Amino acid sequence: MRYSYPMIAVGVAATLWLLIQAKDILQPLLIALVLWFLIKALARLFTRMGLGAPDAPGPIATALSALSALLGLVVIGAALLTNLSQLQGNLAAYEANLTAKMVAINAAFGTDFSLDLRATLAELDIGSIAFSLAGTAVGAMTTLCIIIVYTIFLFTEASVFPRKLAALNLSAQTAQATRRTIAQIQQMIEVYFGVKCVVGLAQALPTFALLWAIGIDAPGFWAALIFFFSFVPTVGSMVGIAFPALLALLQFPDIEPFFLTLISLAVIQLAGSNWLEPKLTGNSLDLSALVVLLGVFAGAALWGIVGAVIAVPLLSILMMIFAHIDGLRPVAILLSGGQSLPALEQTVVKAQAAAGGEPAGP
């Protein structure tokens with residue numbers, strides 16, 4: 001089937017409209033989908049550790065991974081709530097230190113610069129960043145219950161999907177290609193979120209130890225926040241460096257803790273994002289760096305932090321799907337980061353041969 005540019009434009013516009021209008025329904029569903037992939041990735045890890053059959057995760061590995069994921073969510077939520085109250089309680093001391101620094105800067109440069117810390121924090125709305133789904137604990141628990149229900153139904157649907165696919169009576173070639181594409185997408189997303197968990201822990205645990213050693217307030221809050229933001233490519237690393245460093249600047253009268261925190265966290269974040277993560281993932285996603293950056297900002301503009309988290313794997317899924325559709329194959333090539341270009345070019349050649357040598361573009 002071939003697609004014209006007007007058809008593609010209408011499809012994109014309709015998709016954006018649906019994402020905006022159905023945000024409250026789709027957001028928990030996609031978070032449940034992410035949680036489902038996380039549980040399956042953990043189940044495979046437990047399987048490799050000897051829990052269950054070696055070919056596929058069994059019920060023991062799946063149950064253990066689900067409990068681990070739920071426990072992780074509870075621990076992160078408790079750390080955020082507990083330490084956030086500590087930060088709010090020390091706000092007066094931060095304001096005093098900030099005022100003293102502003103006075104020193106104005107005296108040194110002859111300026112009249114001032115900054116209202118409470119107004120700035122209200123604009124940043126850190127509470128909404130940490131709990132993007134709900135502003136209260138009751139709302140967060142309600143949303144969590146909805147996500148858990150969605151996740152259970154996803155496991156139920158996944159168990160019967162192979163029988164549904166067989167019942168469609170597709171040709172052998174089409175059925176094989178469909179199963180192969182689905183398996184590739186599932187493996188890619190499981191690897192992606194599994195690696196993100198490992199990298200997030202590798203960044204959060206040293207951060208907690210470092211901030212605790214320096215004496216920065218609420219190290220558990222920043223460690224949990226850094227783990228959460230490790231799922232946001234590029235922007236998450238900047239958040240993991242900037243926020244704790246700014247707190248060091250507010251908390252201490254001297255400037256040395258600020259530079260120590262800034263440099264140390266930069267090393268931790270860059271080591272995790274630029275060395276550990278590529279070493280673990282390889283080229284499994286293979287998206288253009290520009291596409292990743294634009295996707296993160298576009299996802300954040302549409303759905304906030306949730307959109308930023310799911311933007312990259314969603315773009316990877318679309319690239320794999322577009323590669324198998326004649327009219328959309330050029331879009332897959334534009335989305336790719338270069339490593340998958342030979343495979344995509346080979347797909348184009350095969351499509352042109354099947355069409356009698358005609359170009360496979362829109």
Side-chain angles (χ1 to χ4, degrees), residues 8-9 11-38 40-41 128-133 143 147 150-151 154 181 184-200 203 225-240 242 269 272-274 277-278 280-323 328 331-340:
I8 295 174
V12 171
T15 302
L16 290 176
W17 179 85
L18 180 63
L19 291 176
I20 295 172
Q21 296 298 320
K23 173 183 175 181
D24 294 337
I25 298 175
L26 293 178
Q27 228 182 38
L29 178 59
L30 287 179
I31 294 175
L33 187 62
V34 171
L35 183 60
W36 181 71
F37 280 119
L38 279 174
K40 290 180 70 65
S128 294
I129 295 176
F131 305 98
S132 59
L133 295 176
T143 305
I147 292 172
Y150 278 146
T151 306
L154 284 173
T181 301
Q184 289 175 349
I185 292 174
Q186 181 173 334
Q187 181 182 13
M188 177 191 67
I189 301 302
E190 286 181 15
V191 169
Y192 176 78
F193 284 111
V195 168
K196 282 295 184 182
C197 283
V198 173
V199 173
Q203 291 174 329
L225 202 64
I226 284 172
F227 176 81
F228 186 75
F229 272 99
S230 68
F231 288 84
V232 182
T234 308
V235 179
S237 295
M238 295 190 300
V239 171
Q269 291 290 322
S273 301
N274 296 347
E277 184 171 346
L280 294 175
T281 58
N283 299 310
S284 59
L285 295 182
D286 188 38
L287 286 172
S288 165
L290 179 60
V291 169
V292 170
L293 188 62
L294 293 176
V296 169
F297 282 111
L302 284 174
W303 281 10
I305 189 62
V306 175
V309 169
I310 67 173
V312 173
L314 181 59
L315 286 172
S316 299
I317 292 173
L318 291 177
M319 185 181 71
M320 295 182 66
I321 295 175
F322 291 168
L328 298 178
V331 180
I333 294 175
L334 293 176
L335 291 175
S336 69
Q339 296 295 329
S340 60

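Because the structure is a prediction, the values reported are computed rather than measured. Numbers here are sequence positions counted from 1.
- Open room surrounds CD1 on I25; 12 or fewer heavy atoms of other groups in view lie less than 6.0 Å from it.
- When every heavy atom of A32 is checked against every heavy atom of I147, the shortest pair comes out as CB-O, 3.5 Å.
- To the nearest 0.5 angstrom, L35 atom CG is 9.0 Å from L154 atom CG.
- One distance of note links CG of L33 with CD1 of I310; it measures 9.0 Å at 0.5 Å rounding.
- The shortest heavy-atom contact between F227 and G200 is CD1-C, 3.4 Å.
- Listed by chain and residue number, nothing satisfies the side chain to side chain contact (heavy atoms under 4.5 Å, CB included) test with L334 (two or more places apart in sequence, or in another chain).
- Looking only at side-chain heavy atoms (C-beta outward), K196 and L38 stay at 4.5 Å or farther from each other.
- Partners of S273 according to the side-chain hydrogen bond (donor to acceptor under 3.5 Å, both in side chains) rule, which considers only residues two or more places apart in sequence or in another chain, are Q203, S237.
- Listed here is the closest heavy atom pair of L26 and W303: CB-CH2, 3.4 Å.
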